[in-house]
Amino acid sequence: MGVAIRDILTEYKRPAEWDRLRGRAAFDGNNALYQFLTTIRQADGTPLMDNEGRVTSHLSGLFFRLTNFIEKGISPVFIFDGKPPEFKSKTISERRAVKEKAEIQRVEALKVGDIQAAFRHARSSTRVDKEIIDSSKRLLSLMGIPYLDAPSEGEAQAAFMVSEGIVDYSVSQDYDSLLFGAEKLARNLTVSRKRKIRSRTITVNPEIITLDEVLSGLDITREQLIEIGILIGTDFNSGIRGIGPKKALKIVRDNAFEKILSESVPDFDYLPVKDFFLNPPVTENIIPDYGAVDGAGVTEFLCAEHGFSEERINSVLEKINAGAGQKTLDQWF
DNA sequence: CAGACAAA
DNA sequence: TTTGTCTGG
């Protein structure tokens with residue numbers, strides 16, 4: 001899932017106050033939905049579902065998070081993945097295999113009564129399918145939030161939109177948009193709360209990564225950052241066994257990228273991958289079109305159609321109405 | 001994950 | 001007010 005360059009980015013993660021996040025943001029839609037689907041589950045891994053068995057975890061996550069964004073003056077544009085490049089097919093089939101196996105293990109764990117294992121395997125088996133995407137788009141429309149299908153990778157489209165100034169930053173838990181050239185990437189855009197991870201409690205706060213800071217701090221170019229990605233592995237190539245971000249950084253600084261690559265994987269032609277990061281297919285001339293929240297429509301969709309509690313939904317809708325008055329989302333600031 | 005509510 | 005636990009659909 002994404003390029004694993006976290007360990008060389010720690011110094012460049014800046015805590016971001018919500019006020020500083022006001023503005024337009026290009027969200028990696030598939031990434032956001034995946035997060036909701038993996039985390040919003042019961043203890044045994046069962047997702048939230050309506051009475052017809054349709055998964056609704058993502059709708060819950062989206063609704064409550066988006067209303068928070070509206071309150072905070074963040075105008076999202078959701079970007080969904082389009083057609084993957086040919087060289088991603090190996091990754092895609094590998095992931096599918098992992099998920100199918102996880103689904104079998106989930107059922108098995110449930111049979112044995114191992115709730116925790118069932119939860120873990122349920123998470124691993126999570127897939128963002130067409131039904132999930134379509135229902136999400138429906139909710140976005142009702143909430144006046146624009147979205148688009150990228151011609152190829154969503155992260156590439158998001159990066160392009162940052163570069164063009166169409167949005168102020170991209171939002172994803174993955175770092176790929178940096179390789180695609182996004183000048184600003186925001187992460188952890190969740191309501192801050194303490195999380196307990198093995199007896200330790202830590203607060204997860206929103207953070208911003210600025211590409212220029214990363215590149216000047218590491219003293220590399222974007223091309224070299226892409227090369228680091230290729231060495232350790234991206235969604236589009238496997239990477240070299242035994243090379244992590246630290247070693248990869250040293251390699252590109254020593255200008256040994258081509259040498260190491262040709263020694264380790266002589267049959268691999270990295271150029272198409274590198275070129276894909278530098279010049280991905282994107283849609284130009286995007287103008288995000290924001291609208292007002294259709295409260296009645298949202299209630300109809302979430303409550304009547306999918307069984308959400310009218311009380312809960314309405315109280316949140318009232319809250320944003322009180323704050324925003326008659327303004328549409330984009331007029332907030 | 002985010003909201004609601006209880007307990008501290 | 002802060003922190004922990006439960007539940008949502």
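Residue numbering restarts at 1 for every chain, and letters A, B, ... go by the order of the sequence lines. Atoms considered below: every heavy atom in the structure, side chains included; atoms not considered: hydrogens, waters and symmetry mates. In this text, all values refer to a predicted model and were calculated from it rather than measured experimentally.
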Subject >> With sequence neighbours excluded, residues passing salt bridge (charged side-chain N to carboxylate O under 4.0 Å, His left out) with A:Asp219 >> reply: none

Original post:
Which pairs count as ring pair (Phe, Tyr, Trp, His ring centres under 6.0 Å) when at least one residue sits in residues 243-272 of chain A, sequence neighbours excluded?
Top reply: A:Phe257-A:Tyr270

Original post:
Whole-Å distance between B:dA2 P and A:Phe36 CZ?
Top reply: 6 Å

**OP:** Look at all strands and tell whether A:Gln42 reaches a base, only sugar-phosphate, or nothing, counting heavy atoms closer than 4.0 Å.
**Re:** base

Subject >> salt bridge (charged side-chain N to carboxylate O under 4.0 Å, His left out) partners of A:Arg20, counting only residues at least two apart >> reply: none

Original post:
Under 6.0 Å from the CD atom of A:Glu94, do we count more than 12 heavy atoms belonging to anything else shown?
Top reply: yes

**OP:** Could you work out which one of C:dG9, C:dG8, B:dA2 sits closest to the side chain of A:Ile40?
**Re:** C:dG8

**OP:** Send over the distance from A:His306 NE2 to C:dG9 P, rounded to a whole Å.
**Re:** 13 Å

**OP:** Using the test side-chain contact (heavy atoms from CB on, under 4.5 Å), find all partners of A:Ser124 that sit at least two apart in sequence or belong to another chain.
**Re:** A:Ala102

Subject >> A:Phe308 CZ - B:dC1 P separation (whole Å) >> reply: 17 Å

**OP:** Measure from CG on A:Leu66 to P on B:dA2 and round the result to the nearest Å.
**Re:** 10 Å

**OP:** Answer with yes or no after comparing the ring centroid distance for A:Phe180 and A:Phe160 against a 6.0 Å cut-off, counting only values under it.
**Re:** no

Subject >> Per-nucleotide protein contact string for nucleotides 3-8 of chain B (B base, S sugar-phosphate only, - none; heavy atom under 4.0 Å) >> reply: BB----

**OP:** Nearest whole angstrom, please: distance from the C1' of C:dT7 to the CG of A:Asp44.
**Re:** 13 Å

Identify each donor-acceptor pair in which a side-chain atom of residues 61-70 of chain A lies under 3.5 Å from a protein atom, sequence neighbours left out, and give them as a table.
from	atom 1	to	atom 2	distance (Å)
A:Thr67	OG1	A:Phe63	O	2.9
A:Thr67	OG1	A:Phe64	O	2.9
A:Asn68	ND2	A:Phe64	O	3.1

Original post:
Looking at DNA chain C, which of residues 118-141 of chain A put a heavy atom within less than 4.0 Å of it?
Top reply: none

Subject >> Partner residues of A:Glu223 under the side-chain contact (heavy atoms from CB on, under 4.5 Å) criterion, sequence neighbours left out >> reply: A:Thr221, A:Lys274, A:Leu278

Original post:
Which of residues 46-62 of chain A sit near DNA chain B, with a heavy atom under 4.0 Å from it?
Top reply: none

Enumerate donor-acceptor pairs with a distance under 3.5 Å from any side-chain N or O in residues 77-91 of chain A to protein atoms, sequence neighbours excluded.
from	atom 1	to	atom 2	distance (Å)
A:Asp81	OD1	A:Gly154	N	2.7
A:Lys88	NZ	A:Glu153	OE1	3.2
A:Lys88	NZ	A:Glu153	OE2	3.1
A:Ser89	OG	A:Glu86	O	2.9
A:Lys90	NZ	A:Ser238	OG	3.1
A:Thr91	OG1	A:Asp235	O	2.5

Original post:
Quick one: salt bridge (charged side-chain N to carboxylate O under 4.0 Å, His left out) partners of A:Glu258, sequence neighbours excluded?
Top reply: none

Donor-acceptor contacts under 3.5 Å from residues 243-252 of chain A side chains, at least two apart:
from	atom 1	to	atom 2	distance (Å)
A:Lys247	NZ	A:Gly242	O	3.2
A:Lys250	NZ	A:Asp254	OD2	2.9

